[in-house]
Amino acid sequence: MSSENGQGGGGAAGEGAPPEQLALIRESVRQAKAPRAKPRTWRGAALAEELPVARVLVDKGVLHLDRYFDYAVPAELDADAQPGVRVRVRFGAGRGRVREGRREGGGLIDGFLIERLAASDYSGPLAALAQVVSPEPVLSQELLGLARAVADRYAGSLADVLQLAVPPRNARAEQRPSPAPLPPPGAPEAGSWARYERGGAFLDSLAAGGAPRAVWNALPGPEWSEALARAVAATLASGRGALVVVPDGRAAARVDAALTALLGEGRHALLTADAGPEKRYREWLAVRRGSVRAVVGTRAAMFAPVQDLGLVALWDDGDDSHSEQHAPQPHAREVLLLRAAQDKCGFLMGGWSCTVEGAQLVESGWARPLVAGREQVRRSAPLVRTVGDQDLARDEAARAARLPTLAWQTVREGLRHGPVLVQVPRRGYVPRMACAQCRAPARCRHCSGPLEARDGGAVGGSLWCGWCGREEGAWHCPECGSFRLRAQIVGARRTAEELGRAFPAVPVRTSGREQVLDTVPGTPALVVSTPGAEPVAEGGYAAALLLDGWAMLGRPDLRAGEDALRRWIAAAALVRPQGDGGTVVVVAEPTLRPVQALVRWDPVGHAVRELAERAELGFPPVSRMAAVSGTAEAVAAFLEAVELPREAEVLGPVPVPAGPAGRPRRAGAPPPGEQWERALIRVPPGRGAALAAALKAAQAARMARASRAPRGGEDVVRVRVDPPDIG
DNA sequence: AGCACGCCGACT
DNA sequence: GTCGGCGTGCTC
């Protein structure tokens, strides 16, 4: 069916007219209502002879607009208007004004050209493409397919995902040609992969063009980045590309260095947030154009358009920085899983610890475990000792000072041989308070927020609520009636001061969010750090002290145990092996499951047990959950309207506690002064896609209505698939 | 969001 | 008759 490319008639639209003016005269209302002999007519413009229709994704993240629109391709844009390019189109403005015989649409907005077609299935007349922004085809079929899958998985819009996947255009970066690609390197030696039972086989499979899938429990120590580099090199040797996603810039720099050491310059790109927009786009283009076949980067790199992908790899998937902050908040693990499935490429998910999701991938048979033997683990890991309540009770010194005797001894002994790491769970000087007797957290009597001591943690001073800011003058424990408080978590600086005074001859360094140290020398020093900011010590730490473990485990979160274990292991993995005197002391109850897993150095076993428990309780990731939040009326109306799959189960809604005052509001938290509710929706395994589809459909319907409502927005709900904080 | 279409009441 | 308020629906 070829469409009629009518020419002439619109003499006013001369060849010099801007393309958007080539849009058509709208048929009169009467004609539109009459049965249409010729379904559409383009007049006034010379259109492309072949495939005169462009299917366009309009770049507006609104759900009811999450579909394609067809535009006519003017002849002069024919050559550039190829699939994948950025375009600008007139959009909106109702049916358009008819002025001087030409229709003028609404404002110019951006979009992506999805495909060229011979005819449109739209029954009205088409507007013309206004502009091809640049001929660079930034949106490949693969990337489009991935973005579509991610949008579906997270009940989000394609436009939202594309905003995450395609960086903003930069003309200067685009003009510059990318370098010529280097030929594939030879296959690498096994290196540290030889320490794993199936490590060599995994590497061989990649080098031979295979697509092995593995969940890798990495041995403690610094070799992980080199191992990732070898997996990349093996994939490149097969003539394919590779992608590595890591949680932060420091980890990216390590893998970058390992890749440079193994392959030299020019074979890989580093995609991180701290490069400027031009450099970032230039690197991204080099990847898209096939000049560079390997990528390492932080979460935004999960969409990197690596050509002929042979391997996707993810390091430390339990780190919450793998969760994208922007809608629809996809997690790098899930994106790379979708990518591996779609591109039928290799998959490698590694870490010193193991998430429940990792255990699930192995248990389901989708991936194979890549682990070292117990003997190898024992040789690589430090000795782990615990200090529990019983020890503390017996320990007079511990009651006076904050540190138990074993901890003192370990630090003193460690400092004779090298640096000692002290991990404290929270930065800053402001401690949160708990009952000194029963350790129940001290909470605000008005809003249940955490009470904090503002004056440097002096017990007996005044208390303030961290959420609503009210002062608490006469606290007593609602659980046991005690009037005594203790600092639940003492900040890094205070601990550093205490330890510094105790070991005056030793330098104290701190690493935390405001200043992260990358490495420290192998000389004796106290290194006080918050989780995730631990510097790497040259030659490894002689010892590590993991403080306030019970506070870390006390969080009312599904992942509290897994998280605590992951953070402890991340610190302990920087300590020398037991054979070289490496010792770790954790102040936590030895009977608790994560503590036992640390002592035995068995994060996989821990994850497997957690997985079994989650399956039994119907928790994610075994079942899938979504959170719907908003005002009580909005949530109720949404739940009324949504057509959930049969098996779906609605939990709640329950009131959402007000977010901490003053601090920037997280998505899903109510705006100041508004009371929100949240419902959880749960579906059994295999019904996640149906749930997401139902949520998306209901949201689209409601958004369309909400935009019409007076003071629109009040009945809009927030939908989040895989909510991160399930108590 | 933004705009046009159309139905219905009020006014020249 | 015709003007215009606002409820509804569409945007190629």
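Side chains are part of it too, since the values below use all heavy atoms of this structure and drop only hydrogens, waters and symmetry mates. Numbers restart at 1 for each chain; the letters A, B, ... are given by sequence-line order, proteins then strands.
In this structure, A:Asp59 atom CG and C:dT11 atom C1' are separated by 15 Å, rounded to whole Å. If you take OH of A:Tyr122 and C1' of C:dC10, they are 8 Å apart, rounded to a whole angstrom. Atoms CG (A:Leu126) and P (C:dT11) sit 11 Å apart, rounded to a whole Å. Taking atom CG of residue A:Leu108 and atom C1' of nucleotide B:dG2, one finds them 15 Å apart after rounding to whole Å. One interatomic measurement links the two molecules: OH of A:Tyr68 to P of C:dT11, which rounds to 18 Å at whole-angstrom precision. Atoms CZ (A:Phe112) and P (C:dC12) sit 19 Å apart, rounded to a whole Å. Following rounding to the nearest Å, A:Arg90 (CZ) and B:dA1 (P) show an atom-to-atom distance of 21 Å. In this structure, the CZ atom of A:Phe91 is 9 Å from the C1' atom of C:dC10, given to the nearest Å.
The aromatic ring of A:Phe69 does not sit over the base of C:dC12, since the test of centres under 5.5 Å and planes under 30° is not met.
A:Asp722 is linked by a salt bridge (Lys or Arg N to Asp or Glu O under 4.0 Å) to A:Arg153, counting only residues two or more places apart in sequence or in another chain.
A donor-acceptor distance shorter than 3.5 angstrom exists from the side chain of A:Arg116 to the backbone of A:Asp78, with no hydrogens or angles considered. With hydrogens and angles ignored, the 3.5 Å screen pairs a side-chain donor or acceptor of A:Tyr154 with a backbone N or O of A:His331.
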Identify every side-chain donor-acceptor pair in residues 646-653 of chain A under 3.5 Å, counting partners at least two apart or on other chains, and give the distances.
residue, atom, partner, partner atom, Å
A:Glu647, OE1, A:Arg687, NE, 3.2
A:Glu647, OE2, A:Arg687, NE, 3.1
A:Glu649, OE1, A:Arg682, NE, 3.1
A:Glu649, OE1, A:Arg682, NH2, 3.2
A:Glu649, OE2, A:Arg682, NH2, 3.0

